[in-house]
Amino acid sequence: MKKWFSFIMALIFACTATACGNAPEEVREEVSERTEGEEEVSYPVTVTDQLGRQVTIEKEPETIVSGYYISTSLLVALNLQDKLTGIEAKAESRPIYHLSAPDLLTLPSVGTAKEFDLEGCAALHPDLVILPMKLKGVIPALEELELTVLAVNPEDQELFEEAAQILGTAANALPAVNKLLQYTQEKLSALADTLTGLEAPSVYMASNSSLLSTAGPQMYQHSLIENAGGENVAGALSDDYWAEISYEQLLAWDPAYIILAANADYTVESVLEDPNLAACKAVKNRQVYQLPGDIDAWDSPVPGSVLGSMWLASILHPGEYPAEQWKEDVREFYETFYRFTPDTDGLYAGE
Amino acid sequence: MKPFTVLHLIRTGCMQENREGRIKWILASAFAGTTVLFLASLFVGKYPLTLNQLLEKEEQALRVFLTLRLPRTSMALLGGFALGIAGNVYQTVFRNPLAAPDIIGVSSGASAGAAFGILFLSSGTAAVTFSAFLGALTAVLLTLSLAGTGREKGNASIVLSGIAVHALAQTMLMVLKLTADPEKELSSIEYWMMGSLGGITSYRMPVTVLVCLGALTGIFLLRRQVLLLSVEDEESRMLGVDVGKIRLMVLLLATLLVAAVISVTGLISFVGLLAPHTARLLAGKSRSSVMLLGGLMGSILLITADMLARGIAAGELPVSIFTSLLGAPFLLYLMAGKGKAYF
Amino acid sequence: MDSSFFFTADQLNAGYGKRQVLREVSFSLRQGCITGLLGANGSGKSTLLKAICNQLPHTGECLLNGQRLEDLNIRRLAGRVSYIPQRSGITLSVSVLDVVLMGFNPVLGLFRNPVQEQKKRAEEALAAAGLAGMQERDYQTLSEGEKQLCILARTMVEDTELLLLDEPDSALDFHNRYYVLMKLRRLVQEQKKTALVCLHDPGLALDICDQLLLLKEGRCISSLRPDQDAPQVMEEKLKQIYGPLSLIRCHDGQGQSRLVLLSDLSAF
């Protein structure tokens, strides 16, 4: 019996050891080697992706599979949509594809971040596969199939810029990348200049799922509020993700503005009519808005996310940065990078 | 449709008069059915693969075959077999036709472990697999040690501690889900709990195969003891069975089997419950051949379900949908055919 | 102590929790004899069997051919003592042959399976028990009498020195009671076994057993030998357990001398 028990224990330990050996390597905080200034890429080129992997790209990729909407959207902004042969699932839910590159919607899907379709991807024989960091588990198998894989992790503005550099280098589109990043930088610093010295009104940012779930200081939404010259009432929370709060907490914060996420499944009206919030400053002054989501998900680090900050600035400080100016900026951005003219009239919930 | 042809063959086999011969016949046809399905399954999938491509040693086709298709199909074969065998062991040892791996907390432990892995370790699959495996083992060891501390040391106390541990693991899972990001991690957890063989690659196979084969060998060697455990404790003790130790050993082996499978595939519902019943309905008596048949039925069910999961829609679908969808009517069909109490 | 006694129980005390059921029970059994254990419900019959086969903590000792049973581990004990419960706890569909083969467990290694010769012996045991040709039947589909016979066949292959049977007559009809117990009697006599049998029916016990032990409130109050003792003596002893009754010696249809137990109707 003892023998048996130790046999089983040995088995368990053997498995444990092997499983540990298989654990994926830790993410390294390492910025990729950029070749600033040098805009034409000569192949083969080696880039460091956002998992810290050194990946050599033998020739300029002709076909690309992108398994993440932010990288897909970025490739569209870099005018590389024609090289895409497969994209992530649920593409039809992204308005930007309909508006800028409707052909993408006919491409085969390679699955979601939860369930990547390895065979479907292999069947497309892509020169380059771009995956979100979440899918790092499938990378060894794709490499075994001799596919070139880059992992990106565009979770905030800084990481997005890094991802843009990596993809720009890999796909020989550095000029477009620099143009995009430069535009963003200019707009952000112009906005900062406009807003200097103004008082920052308090803002409460509610999530897609519930009014009582808000963005803490670690989230992209927090920097969106800061860029727009506001103060996140939930800035002192320690949660690094959406935090669940109570009505009492919301009333205690008493924000001057309540902003709903773009894809919220509840409406501005429902918040204005919520009897629990009747005493809240934002509701009393009818300062409840929803981030427009008809073109792009500006509350996530997409290429055009700076427009989200600018939209909020036009809500918080209409005197300094009026709505008309914002609409003009939106049109300019999409004409420049996505090659279409958006209909901005229906967008502005602030009117 | 292949499964129904197989099913029909098996039913025809039931009509045979000679009992010994009948069981051999059923076993042989189940074996043949498994083989046919396995081979068919090798050529179903998103990547267009044909036998010719493989024979001509076309490089990419071979690579897809060896890293994706073959491991996945083998996992369906082995996983179904393992779940079928483990289900038989649980049902026999607990003398309860409804006993499934969760009776001693295996699946809820694995779920909690997987959720923990998804949240805190890394979304990388190896970490989640490991964490799920550890969760399952922890839950079962907890159940068995709780049962060992009680005054009544028998099946009832194991089942009761199992319920307690199950509840505990469910609570942990709830807490973990609460802290999860609803758009990313939460959906990963939910998806894990529906099971899928889509992520199986040649990298994830060796450990699972090793553990499964080890545990299967153990259970096969102990198959006579498993049968003896189906007799009441006192009686089997007087037949010379050290009930406490043997039961612990057999349950641990079955748990290893289930944990090794579901930690890579996610929860797969119904196979562990259904396969042994099907085998018993087909072959009648609970003996080692029925155990083997249960394993084969598990393989047949899981291979078929996985073929549908990967072939029916543009994307991958969770495999548990099909194991339940196929399994339930199959069970009803067999029960209608027998029309008597059979357990 | 008389060396012709093969099994001796000495000063057994046992109980469940704080409730003491057996009080200083001592008795001895001979080889080749069936000893019946009689007593009202709750008098401690089943408890005594459980104590002997060491399933219940107890004080005192049981000696089988000089060996203290308390000192044996589960396997060795199973090799020397077999226990047949009122009804076997087999709840699964399992073939009759497999049930009988379970009896080989104490002599088989953990990972071993019965060999061909053992299967043959199991079939012979089934035939001896009157179940010839039934080896492939499903145990669950047997009648209660056949089930007891199947368990008896299993006991035969266990080939232990001491047999303990807990009310084998309880679930059987009139015919099967005699059928099963006569098979047991033949087994005990031919193979020089020692058997201790709890019985419900004193009439049956008087017919079958070589010796009877009377148990009352956990004490062994007396013993009697149906073939030797005078009916009047036995009657007095049985009254202590069953109340007013009369015991009559008479002859059956075949001219054999039998004992008949009649309850005193006026007592009710």
Side-chain angles (χ1 to χ4, degrees), chain A residues 1 4-5 7-9 11-12 14-27 51 89-90 108-125 132-147 207-210 213 239-242 244 263, chain B residues 45-49 59-60 63-64 66-69 72 121-130 133-134 137 178-185 187-188 190-192 196 198-199 201-204 206-208 210-211 214-215 218 242 245-246 248-249 252-253 256 260 263 310 314-316 318:
Chain A
M1 179 58 211
W4 265 92
F5 193 69
F7 167 70
I8 293 166
M9 289 316 281
L11 248 174
I12 295 169
C15 309
T16 317
T18 331
C20 282
N22 280 350
E25 51 184 294
E26 280 304 304
V27 184
L51 276 172
K90 306 218 168 92
S109 143
V110 290
T112 63
K114 282 144 272 162
E115 188 70 24
F116 190 74
D117 189 348
L118 282 164
E119 287 199 8
C121 179
L124 297 169
H125 303 284
M133 201 166 81
K134 280 197 74 172
L135 282 173
K136 64 184 166 194
V138 305
I139 293 177
L142 289 173
E143 282 178 338
E144 184 77 0
L145 297 170
E146 306 214 326
L147 294 173
S207 83
N208 281 333
S209 56
S210 151
S213 150
D239 299 57
D240 53 4
Y241 194 61
W242 293 107
E244 302 293 325
N263 295 319
Chain B
K46 292 278 156 38
Y47 193 96
L49 265 181
E59 222 177 306
Q60 187 65 2
R63 264 192 230 118
V64 170
L66 292 177
T67 35
L68 304 177
R69 194 67 64 77
R72 182 178 186 166
L121 298 174
S122 126
S123 53
T125 43
V128 176
T129 299
F130 180 57
F133 186 77
L134 224 56
L137 282 191
L178 200 67
T179 54
D181 164 350
E183 276 160 38
K184 295 171 186 164
E185 292 146 1
S187 55
S188 295
E190 294 292 348
Y191 210 87
W192 189 90
S196 168
T201 60
S202 50
Y203 296 89
R204 306 178 62 186
V207 182
T208 312
L210 220 69
V211 177
D242 193 338
K245 285 178 186 169
I246 302 275
L248 184 71
M249 199 144 79
L252 279 178
L253 285 171
L256 269 180
S263 60
R310 67 174 107 140
E316 285 276 344

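Every value quoted in this text rests on a predicted model; they were computed, and no experiment measured them. Letters A, B, ... are given to chains in the order of the sequence lines, protein chains preceding strands, and every chain is numbered from 1.
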Original post:
Of all of B:Gly45, B:Pro48, B:Ser196, which one pairs up most often with chain A through heavy atoms under 4.5 Å apart?
Top reply: B:Ser196
**OP:** Find the one option among B:Leu68, B:Thr67, B:Val64 whose heavy-atom pairs under 4.5 Å with chain A are most numerous.
**Re:** B:Leu68
Do [X] and [Y] have side-chain heavy atoms sitting under 4.5 Å apart?
{"X": "A:Leu118", "Y": "A:Phe116", "answer": "yes"}
{"X": "B:Lys46", "Y": "B:Arg69", "answer": "no"}
{"X": "A:Cys121", "Y": "A:Leu142", "answer": "yes"}

**OP:** Please state whether the side chain, the backbone, both or neither of A:Ala141 comes within less than 4.5 Å of a heavy atom of chain B.
**Re:** both
Original post:
Would a distance-only check, ignoring hydrogens and angles, find a side-chain to backbone donor-acceptor pair under 3.5 Å from A:Asn263 to A:Asn208?
Top reply: no
**OP:** Pick whichever of A:Ala89, A:Ser109, A:Gly111, A:Ala123 has the most heavy-atom pairs under 4.5 Å with chain B.
**Re:** A:Ala123
